[in-house]
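Predicted model, so just to flag it, every value in this text is computed and none were measured. All ligand and atom numbering here is 1-based and tracks the order in the structure.
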Amino acid sequence: MSLTSYVTLGRSGLRVSPFTLGTMTFGNDHGWGSGPAESKDILAAYLGAGGNSIDTANIYTNGHSEAIIGEYLSASPGLRDRIVLGTKFFWNLHSGDPNGGGPGRKATVRQLEDSLRRLRTDYVDLYWLHNFDPVTPVEETLRTLDDLVTAGKIRYVGFSDVPAWATAEAATVARFRGWAPVVALQLEYSLLERTSEGELIPMAQALGMGVLPWSPLRSGFLSGKYSSATTGADASGVDTTRAAMVGAPRAEDYAVIDTVNEIAAELRVSPAAVALSWAQGRPGITSTLIGARRVDQLETNLAALDLTMGDQHRARLDEVSRPRLNFPADNNAALSRLARNGGTTVDGVPTPLSPLLAASAARY
Ligand SMILES: NC(=O)c1ccc[n+]([C@@H]2O[C@H](COP(=O)([O-])OP(=O)(O)OC[C@H]3O[C@@H](n4cnc5c(N)ncnc54)[C@H](OP(=O)(O)O)[C@@H]3O)[C@@H](O)[C@H]2O)c1
């Protein structure tokens, strides 16, 4: 596989690379990210390898990430239309202004205008609602986004970090109103955070949404920098500046971290490649959001595309990281097993499981 093995994003015609470049690390005003020059080198390396999908947000380094991308695009004629550029709205960048953020109509339009100015473009391909707002009526947000599609300022709509019930409601409202659909989700997903398998990922599969997992290395915990031997009990090997930002692995995370490191050693690849290849290969995943602070990290991460793990390695990783999901996951899994036995007609002809039920039964 390579960055040019483009896949369609959910039930849409938009083609994206199997890894999307995350740019939360762009801009170093918070003390640990990449400065403008290194950020542009990362962009060049990703695009040079055939990548076409870039993810940012208005909040990343308070707009600096978008500004760095905008500068890069304006210096590369013709590039803008070839890439899939996504940004997000929600977080308030205007201190003291109650309409400076959030998904209301006034705030959404203003946030987009600000992002377009920083990105030096007149449209974004994917416009993501960055978080859940229990106050604003979903119809207001969806109608605003649909208007922005009609106005040619955004091409597609995505939801990030919104509960499954609220996303499903939004998708249903949009479908029956004929408004722009929610074509994709962003959610935290890695070997150390699999609880989206309970509701969000099955919802995405059922409703035709692409899934972009974020923090696939759990902010670097799965990159090989951690192990029970070096950073475990006394945490002596932990980079304390970075730990102040992202915390440190919990004691129970080390079973997963050590297994990733062991498999990487067996396969003679990096731990990051193992963790990223696992994430990208999971059911329902469209394009994994890779984060890199330096070009060498990006190159290590892109090498994950060359890795095809065998069933045994995948099974070991699945098992050691198996999540405890919220109700009704276990209850439904038990019922789907029953359906397999009980799904016969009176004359004994087995009734095949629906593909959805069969997929969920196979998971347990
Ligand atoms: N929608 C959302 O709410 C949301 C939330 C978070 C992120 N995102 C998106 O997802 C993208 C990825 O998230 P993330 O940055 O948290 O991903 P991540 O891959 O889990 O963590 C990235 C960090 O891991 C370390 N790292 C990455 N590759 C490495 C390598 N090969 N070797 C050693 N260390 C490595 C670096 O940390 P050091 O700085 O310590 O070197 C880097 O900053 C973001 O850029 C953003 O676009 C979205």
Next item on the list: Report the residue from Thr4, Thr288, Asn52 that forms a side-chain hydrogen bond (donor to acceptor under 3.5 Å, both in side chains) with Ser17.
Entry: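 In the set Thr4, Thr288, Asn52, the residue that makes a side-chain hydrogen bond (donor to acceptor under 3.5 Å, both in side chains) with Ser17 is Asn52.
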If you measure from the Lys or Arg side-chain nitrogens to the Asp or Glu carboxylate oxygens, is any gap between [X] and [Y] under 4.0 Å?
X	Y	result
Arg117	Asp114	yes
Arg177	Glu139	no
Lys153	Glu113	yes

Can you name the atoms of ligand 1, numbered from 1 with element, that are less than 4.0 Å from a heavy atom of [X]?
X	value
Gly22	11 (C), 44 (C), 45 (O), 47 (O)
Lys225	25 (C), 33 (C), 34 (N), 37 (O), 38 (P), 40 (O), 41 (O)
Asp55	9 (C), 46 (C), 47 (O)
Gly220	20 (O), 21 (O), 24 (O), 25 (C)
Thr23	45 (O), 47 (O)
Ser223	32 (N), 33 (C), 34 (N), 35 (C)

Next item on the list: Grab the two heavy atoms, one from Arg120 and one from Gly70, that are nearest each other, plus how far apart they are.
Entry: CD-O, 3.7 Å
Polar side chain donor-acceptor pair, [X] to [Y], under 3.5 angstrom:
X	Y	value
Ser65	Thr23	yes
Trp214	Asp161	yes
Tyr60	Lys88	yes

Heteroatom distance test ([X], ligand 1): nitrogen or oxygen, under 3.5 angstrom:
X	value
Met24	yes
Thr25	no
Ile290	no

Where the closest heavy atom to [atom] is concerned, which of [options] has it?
atom	options	result
atom 39 (O) of ligand 1	Arg294, Arg218, Arg293, Gln297	Arg293
atom 27 (C) of ligand 1	Ala275, Gly291, Ser219	Gly291
atom 12 (C) of ligand 1	Leu298, Thr300, Leu289, Asp161	Leu289

Notebook entry, point to check: Is the shortest distance from a heavy atom of Lys88 to ligand 1 less than 4.0 Å?
Noted result: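 The answer is yes, since Lys88 has a heavy atom less than 4.0 Å from ligand 1.
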Notebook entry, point to check: Are Tyr60 and ligand 1 in contact, using a heavy-atom cut-off of under 4.0 Å?
Noted result: yes
Item checked: Criterion side-chain contact (heavy atoms from CB on, under 4.5 Å) against Thr108, the qualifying member of Thr136, Asn99, Thr144, Leu129 ->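 With Thr108 as partner, Thr136, Asn99, Thr144, Leu129 yield a single side-chain contact (heavy atoms from CB on, under 4.5 Å), made by Thr144.
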Next item on the list: Give me the one residue out of Val183, Val84, Val149 that meets side-chain contact (heavy atoms from CB on, under 4.5 Å) with Tyr156.
Entry: Val183
Note to self: Are Thr87 and Leu116 packed together at the side-chain level, in the sense that at least one heavy-atom pair is separated by less than 4.5 angstrom?
What the structure shows: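 When only atoms from C-beta onward are counted, Leu116 and Thr87 do not touch, as no gap falls below 4.5 Å.
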Applying a heavy-atom cut-off of 4.0 Å, say which part of [X] lies close to ligand 1: side chain, backbone, both or neither.
X	result
Pro216	both
Ser160	side chain
Gln186	side chain
Thr56	neither

